[in-house]
Amino acid sequence: MADAPTTQRITVEGMTCGHCVAAVREELVRLPGVTSVEVDLDSGAVEISAGAPLDPEVLAAAVDEAGYRVAAPLP
């Protein structure tokens with residue numbers, strides 16, 4: 001039996017348009033195991049589905065590669 005997919009949520013700062021959304025989605029979907037990426041431009045919320053949990057540092061590096069940054073987690 002295969003492992004159930006996991007969903008992780010991050011908030012990305014600095015996105016202002018559809019091109020920004022596409023750039024972030026493109027970098028995240030390249031990560032091994034990622035099956036889908038949903039981005040909400042208005043809130044900056046990004047939902048990443050993958051076969052296994054991804055290292056938050058790996059997610060942040062992919063977002064950085066797209067030219068944006070992951071917001072610091074809220075306490």
Side-chain angles (χ1 to χ4, degrees):
M1 185 166 122
D3 291 334
T6 64
T7 300
Q8 290 171 262
R9 291 171 184 84
I10 59 174
T11 301
V12 174
E13 296 178 336
M15 296 186 298
T16 60
C17 66
H19 179 266
C20 300
V21 168
V24 169
R25 182 181 292 122
E26 181 179 319
E27 290 300 326
L28 289 170
V29 81
R30 289 181 181 175
L31 296 175
V34 171
T35 56
S36 72
V37 177
E38 298 296 326
V39 182
D40 181 73
L41 176 61
D42 293 333
S43 67
V46 179
E47 188 172 280
I48 304 113
S49 295
L54 299 166
D55 183 331
E57 290 184 20
V58 170
L59 295 175
V63 170
D64 182 65
E65 185 67 29
Y68 305 93
R69 73 180 197 98
V70 174
L74 298 174

### Message
Using 0.5 Å steps for rounding, measure from the CG atom of Leu28 to the OG atom of Ser49.
### Response
11.5 Å

### Message
Restricting to non-hydrogen atoms, name the atom on Met15 and the atom on Val24 that form the minimum distance, rounded to 0.1 Å.
### Response
SD-CG2, 3.7 Å

### Summary
Rounding to 0.5 Å, atoms CD (Glu26) and CD (Glu65) come to a distance of 10.0 Å

### Task
Starting at CD1 of Ile48, measure out to CG of Leu59 and round the result to the nearest 0.5 Å.
5.0 Å

#### Entry: Ala66 to Glu27 - nearest heavy-atom pair and separation
CB-CG, 3.7 Å

### Task
Could you tell me which non-hydrogen atom of Cys17 sits nearest to which non-hydrogen atom of Leu41, and how far apart they are?
N-CD1, 3.6 Å

### Query
What heavy-atom pair brings Val34 and Ala50 nearest, and what distance separates the two atoms?
CA-CB, 3.9 Å

### Query
Any idea which heavy atoms bring Gln8 and Ala52 closest together, and the distance?
OE1-O, 4.4 Å

### Query
Nearest heavy-atom pair of Gly14 and Tyr68: which atoms, and what distance?
O-CE2, 3.5 Å

